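Since this is a predicted model, take the numbers as computed values, not measurements.
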Amino acid sequence: MRFARLQRPFLRQGKGKNIVVKLIGGRAASAIVGLFMLAISSSANAQAAVSTAASLATPAVATVQAQPAQSVTARLPSSMATEAAWLYKSGWPLYALVDKYATSAPLDEQTSCLATAVYFEARGESAEGQLAVARVVMNRAASGRYPPDWCSVVKQHAQFSFVRHGEFPYADTSSAAWQKAEAVAELAAANIIPSVSNDVLWYHADYVAPTWRRSLTEVQQIGAHIFYRA
């Protein structure tokens, strides 16, 4: 995808490498337990067990990322968020969770905007790279320096070059790339998995060198994207 020059810090798409994570030792046992729990999740007793396990996981993930701005309304099924939190704590890697929740199910408006940003900005990146893009959008909305909701952040003038006159281009919502972008957006909105810190508000592709980066502090590179804080 080609991007126009922007007036302010902007986001670019790059291509990353697939990350293969192998579960060994105790993690393999945790994954097996997770699969067993999913197999019996239709029963009332299993649902209670998952809820109990998730309640133990909550303190560990609650401090990972500040919650999005209060003006953002994202309606995620509580069962999905609870299950994903439990699976992650049990050893499931991000890519496995993305594959599990990759569907074309309808999303609420805000989460759909988040998925759209992931799709157009980072669909060639790893799951970690896509999650980081989603976090930047969420961080901007919560920062007080940008619009207070995810859709307004993504549609803000001269910030995301795939947006034209405040409108999104066509996305192939039947594609695997879109389904994964939806899963990443849902996992990001559920605030389950660690990613870039709350103060990371900018990034660019590693094949460009925008002048605005000079006033910022480089944090890390994930795939083809370099992330910054003020």
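- A pairwise comparison of heavy atoms in Leu131 and Pro194 identifies CD2-O, 3.9 Å as the closest pair.
- Residues Tyr228 and His204 bring their aromatic ring centres within 6.0 Å.
- The shortest heavy-atom contact between Ala230 and Thr217 is O-OG1, 4.2 Å.
- Atom CZ in Arg135 sits 11.0 Å away from atom OG in Ser197 (nearest 0.5 Å).
- Looking at heavy atoms from C-beta onward, Leu216 lies out of side-chain contact with Arg229 at the 4.5 angstrom threshold.
- The two residues Trp92 and Leu97 make their nearest non-hydrogen contact at CE3-CD2, 3.8 Å.
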Can you check side-chain hydrogen bond (donor to acceptor under 3.5 Å, both in side chains) on Gln156 and Arg140, steps first, answer last? CA-CA 11 Å; Gln156 186 178 12; Arg140 284 190 171 196; 4.7 Å; no

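- Under the 4.5 Å side-chain criterion, counting only non-hydrogen atoms from C-beta, Tyr203 is not in contact with Gln220.
- Contact check for Val196 versus Asn139: side-chain heavy atoms found under the 4.5 Å cut-off.
- With values rounded to the nearest 0.5 angstrom, Thr173 atom OG1 is found 8.0 Å from Glu182 atom CD.
- The two residues Gln179 and Ser174 make their nearest non-hydrogen contact at NE2-O, 3.6 Å.
- Salt bridge status for Lys100 with Glu83: present, with a side-chain N to carboxylate O gap under 4.0 Å.
- Contact check for Val98 versus Leu187: side-chain heavy atoms found under the 4.5 Å cut-off.
- Contact check for Val133 versus Glu125: no side-chain heavy atoms found under the 4.5 Å cut-off.
- Atom NZ of Lys180 sits in a sparse spot, with 12 or fewer heavy atoms from other residues, nucleotides or ligands closer than 6.0 Å.
- Residues Val154 and Phe168 are in side-chain contact: their nearest non-hydrogen atoms beyond the backbone lie under 4.5 Å apart.
- Put simply, CG on Leu87 and CD1 on Ile192 are 9.0 Å apart, with the number rounded to the nearest 0.5 Å.
- Using a 4.5 Å heavy-atom threshold, the side chains of Val137 and Phe160 count as touching.
- Below 30°, between 30° and 60°, or above 60°: for Phe120 and Phe162 the angle between ring planes is below 30°, a parallel geometry.
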